[in-house]
Amino acid sequence: MKRIETEAIVIGGGATGAGTLRDLSLRGVRAVLIEKSDIASGTTGRNHGLLHSGTRYAVNDLESARECIRENKILKKIARHCIEDTGGLFVTLPEDDPSYHGKLIEHCKYAGIRCEEVSVQEALRIEPNLNPNILAALRVPDGTIDPFRLTSANVLDAQERGATVLTHTGVSGIIREGDRAIGVRCRDRRTGVELEVFGGIIVNASGVWGQEICASAGIALRMFPSKGSMVIIDYRINNVVVNRCRVPSDGDIIVPGDTVSLIGTTSKKVEYDKIDEITVDEDEIATLLESGEKLIPNVSRTRVLRAYCGVRPLIAVSGEMDGREISRGIVLIDHERRDSVGGLITIAGGKLMTYRLMAEMAADLACAKLKVRKKCRTQKTALPGSERKLDQAKSVKFFTGIPNSVVGSTLYRHGQRIRNILHREKRNYGLICECEMVTEGEIEYALKKLNVKDIVDLRRRTRIGMGPCQGQLCAYRAAGLFVKYDSATSAESNKMLVDFLEERWKGIKPVLWGDALREVEFCYWIYQGLFGLGDVRFPEEGEDR
Amino acid sequence: MIKLENISFDHCIKCTVCTIYCPVARATHHFPGPKQSGPDMERLRIKSPGLLDDSLKYCTNCKRCEIACPSNVKIADLIQSSKWRYFRKAFRVRDFFLARTDLMGGVATRASFLVNFFIKLFPVKFFLDRFMKIPSERRFPRYAQGTFRAWYKKHRKEQEAFAEKAVYFHGCYVNYNNHDLGKDVVTVLNAMNVGVIVTDEKCCGVPLIANGYIDKARKNALFNIESLARSASESGARIVSASSSCSFALKHEYPNLLELDNSAIFDGLDYITRFIHERFEKGNVPAMGPVPVRAAYHSPCHLERMGGVMNTIEVLKKIPGLELTILHSECCGIAGTYGFKKEYYKVAQKVGDELFKRIERANPEIVITDCETCKWQIEMSTPYRVEHPVTVLARAIDGKKL
Ligand SMILES: Cc1cc2nc3c(=O)[nH]c(=O)nc-3n(C[C@H](O)[C@H](O)[C@H](O)COP(=O)(O)OP(=O)(O)OC[C@H]3O[C@@H](n4cnc5c(N)ncnc54)[C@H](O)[C@@H]3O)c2cc1C
Ligand code: SF4
Ligand code: SF4
């Protein structure tokens with residue numbers, strides 16, 4: 001059996017795990033990250049992408065609100081290319097309790113969040129697609145955050161500093177020696193190869209799945225899974241984050257995420273043994289579209305691209321509570337103190353946008369255990385791609401000859417690293433994904449540098465297949481490039497193609513009407529009618545497939 | 001702000017049929033085609049205007065993509081409106097003059113002889129090419145002496161005496177370059193017992209739209225809508241135009257692109273062959289002598305978009321002796337003022353190439369087409385004379401030589 005020795009092991013490649021890996025690497029600790037699927041494939045890749053200002057929590061959870069605004073300011077500096085500083089509005093609809101507005105202003109003051117009252121007229125100027133019947137509006141420093149880029153940039157930085165990353169490798173159990181956890185047993189889900197990794201400290205950052213990891217070490221930890229669903233709108237119907245000004249409830253927020261808008265979220269209890277099977281329910285979609293339309297009337301006339309859901313990784317503190325009432329607070333557990341099992345810590349809860357703080361807390365504790373006396377540097381050190389302020393006009397000029405849309409989109413996704421991606425060779429900037437302007441050069445870069453194993457992974461690094469056609473025109477081209485750049489055999493690339501289309505289909509199925517339905521019909525016609533992809537037989541293989 | 005009326009791009013299913021039918025995408029790799037420049041890029045332009053690609057300026061607004069689209073995406077409208085929504089206005093003397101057909105016409109017709117003479121001189125061509133970026137290969141339409149309106153004034157009384165009348169939007173070309181076409185319209189309509197009313201009008205706006213003078217185009221449009229509607233309601237007449245592009249603008253570009261309400265003229269307005277064909281169908285066919293000519297008919301893009309080609313063909317088929325070849329539908333490439341610009345000249349000629357070859361193969365004596373700019377392009381690029389269908393009809397009626 002293969003065996004790896006390292007200083008620290010991080011389980012889980014979500015934002016928290018990736019952040020911890022980077023934090024440790026910045027402190028000079030050798031670390032290995034193990035992720036059962038792909039980077040940001042868990043809750044990190046299935047959320048709303050809102051860079052909270054904290055306003056939403058100001059009334060109910062002051063502690064979280066303060067964390068948010070602090071991290072909000074830090075991330076705007078260190079993760080520029082993963083963030084869009086759009087600003088946000090809290091708007092009061094005629095049917096909403098008008099007193100919440102004043103309460104919010106007051107609590108924002110306590111939390112230290114800059115929150116200004118703006119006239120309805122001004123709000124409509126800031127966001128012209130807003131429902132014109134709103135009664136009042138507040139402006140807050142909300143923004144958007146791209147979870148895929150954020151996680152990938154953390155991993156990239158860690159790898160450039162010497163960390164090891166094993167994706168598509170699941171931890172099947174913790175190896176214990178007496179009262180210590182000394183390593184993990186894992187299995188490469190693509191090849192079926194088993195391996196063991198040993199290290200001085202294990203950081204369990206596996207989110208809602210942390211319960212299983214703990215269980216394998218003989219530790220009882222109860223997660224309280226709460227499902228949240230979102231729908232994606234074909235294009236940006238809003239350019240600033242629009243929040244409903246009321247006690248947090250379903251369908252309150254519309255976030256502009258890159259080229260699309262996202263309406264979210266819902267909150268539903270799920271049984272722990274069902275967390276890997278969750279799907280979006282019909283009533284959730286109805287709720288989201290109805291509430292979305294109240295904020296931005298355009299919603300009713302626009303194509304819904306897909307729907308998806310994620311599970312909030314909240315640790316049950318006590319009793320049965322509604323998912324939203326539990327504090328989203330960060331939970332750091334030293335299992336040596338709590339359960340008398342040394343060498344293992346769990347970091348969970350929190351939010352995507354507090355990942356850095358969570359990573360800092362976990363790394364501080366890990367370093368204390370490893371007796372490494374190095375301070376955290378992540379609040380100051382920019383992520384790869386975010387080193388300098390981005391200037392679209394300058395880049396467009398630098399890459400004269402390449403279409404602005406390509407330069408702008410690549411810059412938006414990779415920040416400063418655009419210099420490692422684009423060059424003026426025709427093949428390099430030829431389009432593969434026409435909806436999201438993903439070029440062959442970008443794909444080549446992702447295949448070589450960003451731990452891409454299949455087309456679904458590639459989507460998370462580049463946005464390929466995330467536009468209106470949902471992979472119809474780009475998926476087969478991408479499959480070809482895997483072969484061209486020696487990342488897969490042609491049989492493997494066929495299988496990837498099927499998996500990718502299945503993955504896309506899963507998100508489209510709940511919203512199958514109107515133009516999305518026509519699009520799918522056409523897609524089916526290409527892949528089945530023209531290519532006969534459904535009739536291609538593949539040999540049996542690993543469980544991941 | 002995303003206007004609800006302009007979200008047709010949201011219906012695009014990325015089938016790419018539009019790009020297959022785009023004559024410009026076929027002619028140059030500099031133009032990524034309607035799908036990319038229209039619905040694809042619109043999503044990005046909404047996200048950030050900085051993502052605008054200037055390659056979309058290659059679009060000639062021929063609208064062939066819109067005919068092909070199965071999703072009713074207003075592709076060409078999206079492209080045109082992006083041109084003037086996002087491009088920084090760089091004032092260009094050339095574009096200003098090309099766009100102001102009425103201004104230029106007004107001046108040139110006063111000394112048409114001199115203008116027509118000078119514009120052919122080598123030093124003038126050289127100057128236009130070097131400093132105005134108007135290609136020296138380009139032949140200009142001749143200016144006429146005086147205006148059509150001046151001629152009409154002398155005949156107004158007799159026209160108003162007819163019981164049935166039609167309001168005729170003559171357009172700049174008839175007024176400044178080709179009075180004869182206007183007179184032919186009068187001949188044909190009179191032969192069908194319809195009097196011709198000419199009312200106040202301004203340039204329909206096509207060249208203004210193409211060159212990004214949208215405010216001016218809107219002003220003209222409002223003027224035309226008001227004037228034509230008033231005149232039509234006074235005389236209870238229908239409105240006709242013998243220029244396919246003018247009619248297209250009045251009927252479709254006004255509401256779709258300029259976002260103006262033209263309901264006051266929409267129902268009453270016809271391209272002339274539709275007006276004629278309808279009356280032919282009802283038995284109102286004037287006496288016609290034979291026109292023994294071998295002709296090839298080219299259908300202009302904007303007439304295709306309006307679905308009016310059938311009317312012209314049916315009318316031509318009624319002319320005795322006319323031997324007609326209907327050419328495969330192709331764009332001639334000139335697209336109004338597009339072919340007058342040095343940066344597009346080569347593309348324009350390449351777009352038209354297929355049409356020119358097909359004309360050659362048809363071996364006609366003359367070419368017939370509804371559009372004045374198609375006429376300039378074909379006459380410049382092939383050895384054939386080009387006539388308007390109404391002119392051919394007029395010769396059948398008055399028996400003069402074609
Ligand atoms: C509906 C919804 C909306 C949200 N909206 C926002 C928002 O707008 N803004 C915000 O800041 N936060 C938001 N959040 C919260 C945020 O998504 C999460 O707090 C955050 O992503 C958690 O990241 P994580 O890395 O801790 O967990 P995860 O992303 O779940 O990472 C855990 C990883 O561990 C891996 N793993 C599990 N088991 C194993 C194993 N045995 N071996 C190896 N790997 C394993 C998983 O595959 C997964 O990738 C939202 C959450 C939900 C559910
Ligand atoms: S209007 Fe004509 S030139 Fe422009 S994109 Fe459509 S087909 Fe091509
Ligand atoms: S033809 Fe219409 S639906 Fe097809 S790609 Fe072009 S715009 Fe989209």
Side-chain angles (χ1 to χ4, degrees), chain A residues 84 124-125 127-130 233-239 256-261 296-298 300-303 305 391-393 395-396 402-409 411-412 426 431 433-437 467-474 514-523 525-526, chain B residues 1-20 22 25 28-59 68-75 78-79 82-83 85-88:
Chain A
E84 214 184 306
L124 282 162
R125 193 196 58 77
E127 186 47 71
N129 290 308
L130 211 55
I233 300 293
D234 183 22
Y235 61 95
R236 264 204 199 205
I237 48 170
N238 53 327
N239 276 314
D258 208 325
T259 56
V260 297
S261 284
I296 295 182
N298 249 8
S300 63
R301 303 257 310 249
T302 308
R303 177 180 337 184
L305 278 188
D391 182 15
Q392 187 163 308
S395 290
V396 161
I402 303 177
N404 300 359
S405 54
V406 168
V407 177
S409 303
L411 183 71
Y412 187 86
K426 235 192 150 138
L431 284 184
C433 168
E434 299 171 33
C435 302
E436 299 290 336
M437 311 305 284
C469 88
Q470 293 285 302
Q472 165 196 308
L473 293 179
C474 58
D515 292 315
L517 177 60
R518 292 173 60 242
E519 188 85 61
V520 162
E521 190 63 34
F522 185 55
C523 190
W525 181 76
I526 292 183
Chain B
M1 168 76 175
I2 306 148
K3 283 228 176 78
L4 280 176
E5 306 82 66
N6 284 350
I7 58 168
S8 68
F9 70 90
D10 186 35
H11 305 307
C12 169
I13 57 164
K14 312 296 168 197
C15 68
T16 320
V17 166
C18 50
T19 299
I20 303 292
C22 171
T28 171
H29 67 272
H30 291 300
F31 183 52
K35 168 178 174 287
Q36 190 77 84
S37 308
D40 285 0
M41 296 306 298
E42 189 68 8
R43 285 177 74 243
L44 301 182
R45 293 188 286 253
I46 289 172
K47 175 184 150 191
S48 154
L51 296 174
L52 175 89
D53 284 334
D54 47 10
S55 58
L56 59 73
K57 65 185 181 214
Y58 279 99
C59 166
C69 175
S71 308
N72 203 14
V73 178
K74 300 279 186 314
I75 314 166
L78 284 169
I79 298 176
S82 305
K83 277 190 198 167
R85 248 188 306 154
Y86 300 120
F87 275 138
R88 246 194 305 131

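Chain identifiers are assigned alphabetically (A, B, ...) following the order of the sequence lines, protein sequences preceding nucleic acid strands; residue numbering begins at 1 within each chain.
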A.B. asks: Using modelled atom types and a 3.5 Å cut-off, is there a donor and acceptor pairing between side-chain atoms of B:Arg43 and backbone atoms of A:Asp234?
C.D. replies: yes

A.B. asks: Using a cut-off of under 4.5 Å on heavy-atom pairs, state which of B:Ser71, B:Ser48, B:Pro70 scores highest against chain A.
C.D. replies: B:Ser71

A.B. asks: Please look at A:Leu431 and chain B and tell me whether the side chain, the backbone, both or neither of the residue comes under 4.5 angstrom of a heavy atom of that chain.
C.D. replies: side chain

A.B. asks: Of the backbone (N, CA, C, O) and the side chain (C-beta and beyond), which part of A:Glu519 lies under 4.5 Å from a heavy atom of chain B, both, or neither?
C.D. replies: both

A.B. asks: With a 4.5 angstrom heavy-atom cut-off, is it the side chain or the backbone of A:Asn239 that approaches chain B, or both, or neither?
C.D. replies: side chain

A.B. asks: So does A:Glu434 pair up with B:Lys35, basic N to acidic O under 4.0 Å?
C.D. replies: yes

A.B. asks: Could you please spell out the steps behind the side-chain contact (heavy atoms from CB on, under 4.5 Å) verdict for A:Cys523 and A:Gln470?
C.D. replies: CA-CA 9 Å; A:Cys523 190; A:Gln470 293 285 302; over 6 Å; no

A.B. asks: Tell me, out of A:Glu127, A:Glu84, A:Gln392, A:Glu436, who's got the most heavy-atom pairs with chain B below 4.5 Å.
C.D. replies: A:Gln392

A.B. asks: B:Val73 and B:Ser8: which non-hydrogen atoms are nearest, and at how many Å?
C.D. replies: CG2-O, 3.6 Å

A.B. asks: Taking side chain as everything from C-beta outward and backbone as N, CA, C, O, which of these in B:His29 sits under 4.5 Å from a heavy atom of chain A? Side chain, backbone, both or neither.
C.D. replies: side chain

A.B. asks: Tell me if a side-chain donor or acceptor on A:Ser261 pairs with a main-chain N or O of A:Ile237 at a distance below 3.5 Å.
C.D. replies: yes

